[in-house]
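Notes follow the structure.
Below, read A as the first sequence line, B as the second, and so on, with proteins coming before strands; counting in each chain starts at 1.
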2 protein chains.
Amino acid sequence: MPPIKVKMLETEGGKGGAKAAPSKRPRAQTRIQREKQEVILEAALDVFSREGFRGATIDQIAEAAGMSKPNLLYYFPRKEEIYQRLLAEMLDIWLAPLREIDSVGDPVPELRSYLRRKLEMSRDYPRQSRLFANEMLQGAPRVLEMLETDLKALVDDKAKVIEGWMDAGKIVRTDPYHLIFSIWATTQHYADFDVQVRAVLGKDRGGEGRFEDAARFLENLFLHGLLPK
Amino acid sequence: MPPIKVKMLETEGGKGGAKAAPSKRPRAQTRIQREKQEVILEAALDVFSREGFRGATIDQIAEAAGMSKPNLLYYFPRKEEIYQRLLAEMLDIWLAPLREIDSVGDPVPELRSYLRRKLEMSRDYPRQSRLFANEMLQGAPRVLEMLETDLKALVDDKAKVIEGWMDAGKIVRTDPYHLIFSIWATTQHYADFDVQVRAVLGKDRGGEGRFEDAARFLENLFLHGLLPK
DNA sequence: CAGAAATTTGACCAGTTGGAAAAAACGTTA
DNA sequence: TAACGTTTTTTCCAACTGGTCAAATTTCTG
């Protein structure tokens, strides 16, 4: 499956770096280019995920990356370009677990594993999650199209898988779309609303253990619900 | 219970309007003052909930409110002040359903009613929800303190209620904090990720009916889980 | 209706923003 | 080490930002 493409503006192929040498075929990337681009993307992820696209400034990113603004602009000539790179990268990471849901598998291990994976993403890539959340809050101006095509197709497909499980009587008959939404919501909550979760749990329970607790709770919730049998 | 207070800067008591008449006791609010402030707050909610604090500009808000920037600044001398007003207002609305959870009630109707109320908030006040989400993504700089005190206290209290239900054997023994988180997450998802939900559901299922579907799904999920008995 | 108070407008300002341009410094390799 | 391509810095700019201020206009009250 090809990686998700975010609609790139006229980015000259997105292969950032040296200012378009006129009509000469572009050289391979330098070591420095690769390293600095990495540093910049890392810093930009920090800033964009906190402030959103409009709220973030190139100066902030440059400072976080430990370089001057013009220097940063040497590697990524547009703010927009950095943002889109991060967004595309994020979408790939983000969708991987859903893609892995297997139609031949049994629902219990499949769902359990999907929950676990999504929760791990919130733990290991919280900034990516917040970047995406920021984009959603703004109405997804850059990814709406891909949500309506690629994502919808993928979810349609997995909804079919879930319906197969229902037909086989392996899980209760319910709405597969809202099931997927609720898994997304509950797991991403631990990245997007991390401050709140930590504030409410307090110092003693707000440590890294909270992800273990969350995993246990969510597994029980999704499999058994709250009512005793 | 007193309304939540967001830490106000030196806002002269937050009673916006006419430029502080020196040492004269402030007059009552004019009709125009009340009306325009309402228009401004409404427009600001639109803009702030989409762009976040930094991303929003006074010009945008003024235009959405149909007035000039200096005119807007006549009613709210600081951008920060508008934002804080909206945030405080939001927190009150947002916490009301949680406050209503009753210790004497039976868990099934109580939880069902809490879910329904929270989902109604996402349907009826989606911008407020997104405003709050934006603030969380930024690390809650303006409300962290109140999350750690007021909100934590409230949740601690309600967690006790839920534990009471467990002691009585009325619901399964589980983590009450993560239960509350999961209710927040699943319901707010329909406001904060509205674009995505609609994109995935598509034109036919993305209408207002999605809230009905979500309510039915969530009720079943929380009460019974996915596995057949 | 006159006068005072409230509201609106237009001109303005200092600081920030995304980005351009050119020159200077650096690294590499023949 | 000279020459060339790469990287970095310096300087600069026009547009935008939050906000001020005084003058003009409108609304209210006696």
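Annotation: side-chain contact (heavy atoms from CB on, under 4.5 Å) contacts of Arg123(B) (sequence neighbours excluded): Glu120(B), Glu208(B), Phe211(B). Considering only residues two or more places apart in sequence or on other chains, Ser182(A) meets the side-chain contact (heavy atoms from CB on, under 4.5 Å) condition with Leu179(A), Phe222(A), Thr186(B), Phe217(B), Leu218(B), Leu221(B). Remark: Asp157(B) pairs with no residue by the side-chain contact (heavy atoms from CB on, under 4.5 Å) rule, at least two apart or across chains. Residues that satisfy the salt bridge (Lys or Arg N to Asp or Glu O under 4.0 Å) test with Glu63(A), not counting sequence neighbours, are absent from this structure. In terms of the ring pair (Phe, Tyr, Trp, His ring centres under 6.0 Å) criterion, Tyr177(A) has no residue partners (sequence neighbours excluded). Looking at residues two or more places apart in sequence or on another chain, you find a side-chain contact (heavy atoms from CB on, under 4.5 Å) between Pro70(B) and Ser68(B).
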Under 3.5 Å, which donor-acceptor pairs link side chains of residues 51-59 of chain B to any protein atom two or more places apart or in another chain?
unit_1, atom_1, unit_2, atom_2, d
Arg54(B), NH1, Gly55(A), O, 3.2
Thr57(B), OG1, Gln60(B), N, 3.0
Thr57(B), OG1, Gln60(B), NE2, 3.3

Can you give the donor-acceptor pairs under 3.5 Å from side chains of residues 196-204 of chain B to other protein atoms, not counting sequence neighbours?
unit_1, atom_1, unit_2, atom_2, d
Arg198(B), NH1, Asp194(B), OD2, 2.9

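One atom, CD of Glu51(B), and another, P of dC16(D), lie 15 Å apart when rounded to the nearest Å. Computed from coordinates, the Arg34(A) CZ to dT6(D) P distance equals 14 Å when rounded to whole Å. To the nearest angstrom, P of dG18(C) lies 8 Å from CZ of Phe53(A). Here dT8(D) presents its C1' atom at 8 Å from OH of Tyr75(A), a figure rounded to the nearest Å. A straight line from OH of Tyr83(B) to P of dG18(D) spans 14 Å, rounded to a whole angstrom.
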Within the sub-3.5 Å range, which N or O atoms of nucleotides 26-30 of chain D have a protein N or O partner, and how far apart are they?
unit_1, atom_1, unit_2, atom_2, d
dC28(D), OP1, Arg31(B), NH2, 2.6

Under 3.5 Å between N/O atoms: give me all the protein pairs with nucleotides 9-17 of chain C, atom names plus distance.
unit_1, atom_1, unit_2, atom_2, d
dT17(C), OP1, Arg54(B), NH2, 3.2

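Between Gln33(A) and dT6(D) there is no side-chain N or O to OP1 or OP2 distance below 4.0 Å. Proximity of Arg78(A) to the phosphate of dA20(C): a side-chain N or O atom is located under 4.0 Å from OP1 or OP2.
Near DNA chain C, defined here as any heavy-atom distance below 4.0 Å, there are no residues from residues 40-50 of chain A.
Pairs of residues two or more places apart, or lying in two chains, that qualify as ring-ring contact (aromatic ring centres under 6.0 Å, His included) and include a residue from residues 121-141 of chain B are Trp94(B)-Phe132(B).
Using modelled atom types, one finds no donor on one side chain facing an acceptor on the other under 3.5 Å when comparing Gln33(A) with Gln37(A).
Distance check, rounded to the nearest 0.5 Å: NZ of Lys79(A) to CZ of Phe48(A) gives 5.5 Å.
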